[in-house]
There are 2 protein chains.
Amino acid sequence: MKVDEIDLKILKILQQDGRLSNAEIAERVALSPSPCLRRLRRLETEGVIQGYRPQLNRQVVGLGMTVFVQVKLHDHSAESVTGFEDAVREMDAVVNAHTVSGSADYLLEVVAEDLIDYDRLVKQMQRLNMVREIESNFALQAVKTEAPLPLKL
Amino acid sequence: MKVDEIDLKILKILQQDGRLSNAEIAERVALSPSPCLRRLRRLETEGVIQGYRPQLNRQVVGLGMTVFVQVKLHDHSAESVTGFEDAVREMDAVVNAHTVSGSADYLLEVVAEDLIDYDRLVKQMQRLNMVREIESNFALQAVKTEAPLPLKL
DNA sequence: GATGAAAGTTTCGTCCT
DNA sequence: AGGACGAAACTTTCATC
């Protein structure tokens, strides 16, 4: 899938406001609505745009606690890996999960209502028998959240 | 700001598709379009919904590298803290930044085109004189990204 | 690609309960 | 609060250049 400069412009505009109308986007990229809509639909169907999300104030919706969790597994057998990853995908509180370089195997971003709620989740993870170690780093203050991607050009 | 059950329903629906029309949302929450739009606008103006973003395929837009960076400062004086945080907010490659509990002071999520690009950013951070230590953990595989928040009810 | 037309939606203010 | 109406804007498809 190729993304040209006009596509990047469209993406950049959408990152500022993901609900802009096609007419508005078209005007800003100096295209008429028809070709602009064709590009937008192509970006969506080809998976460049994987979806649209509102950015929510976590505090207000009762998820004021964000925790970054480093997880180590006992081994890297296929059973352990897929077992753990499937479990993580099932846990709604985990909003991001990556395998990472360094001493931990996984880095997760987890949201919770409060410590009680978070404790439940940790215990749930500890019950997974491929999990060897869990280290929790609590987010104390947000300096920057969900900033737009720095698209080149 | 209070968020009632209907508001939560609206947010939940929007998390599945952030570009749904008000008419569609109204139908799903069993409300007529007028009061539904009033609620939506209130959620937006009161900051419960802070904006709308397309979820982009980072690989396709040329930002295939994601790095989690742990930063320690020399001290926690107001000058060091605000100086570092202002610098972080200026860096477009930093898409998330939090102060965290544990051995590091900050945890950043950084995107880059490649290692060369990332190296530039690290050097830029190392030039900040309040920065004592930088540890980079490269994301190797995404297991789950930008999952919807688990709204209660 | 652009343009224009046409039918169907959506938004959003206003007024009513 | 929610619901109904109407005007203006927007979306989407189609044909044409």
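Basis for what follows: all heavy atoms, side chains included, without hydrogens, waters or symmetry-related copies. Chain naming here is simple, since letters A, B, ... match the order of the sequence lines and numbering starts at 1 in each.
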Exercise: identify the closest heavy-atom pair between A:Ser136 and A:Val122: OG-CG2, 4.4 Å
Pair listing, salt bridge (Lys or Arg N to Asp or Glu O under 4.0 Å) test, anchored in residues 118-131 of chain B, at least two apart: B:Asp117-B:Arg120, B:Asp119-B:Lys123
Summary of side chain to side chain donor-acceptor pair (under 3.5 Å) pairs that have at least one residue in residues 8-24 of chain A, sequence neighbours excluded: A:Glu24-A:Arg28
Hydrophobic cluster (4.5 angstrom, side-chain heavy atoms) - remaining members for A:Leu107: A:Phe68, A:Val100, B:Phe68, B:Val100, B:Leu107
Partner set under salt bridge (Lys or Arg N to Asp or Glu O under 4.0 Å) for B:Arg41, not counting sequence neighbours: B:Glu44
Sequence neighbours excluded, every pair satisfying ring-ring contact (aromatic ring centres under 6.0 Å, His included) that has a member inside residues 46-67 of chain A: none
Sorted by number, the residues of residues 19-45 of chain A with heavy-atom contact under 4.0 Å to DNA chain D: A:Ser21, A:Asn22, A:Ala23, A:Leu37, A:Arg41
With A:Glu133 via salt bridge (Lys or Arg N to Asp or Glu O under 4.0 Å) - residues at least two apart: A:Lys72
Qualifying ring-ring contact (aromatic ring centres under 6.0 Å, His included) pairs, either residue in residues 131-153 of chain A, two or more places apart: A:Tyr118-A:Phe138
First and last nucleotide of DNA chain C, 5' to 3', lying under 4.0 Å from heavy atoms of chain B: C:dT10 to C:dG13
Partner set under salt bridge (Lys or Arg N to Asp or Glu O under 4.0 Å) for B:Asp75, not counting sequence neighbours: none
Axis bend over the full length of the helix from C:dG1-D:dC17 to C:dT17-D:dA1, computed from five pairs that close each end, to 10 degrees: 20°
Residues in salt bridge (Lys or Arg N to Asp or Glu O under 4.0 Å) contact with A:Glu113, at least two apart in sequence or another chain: B:Lys152
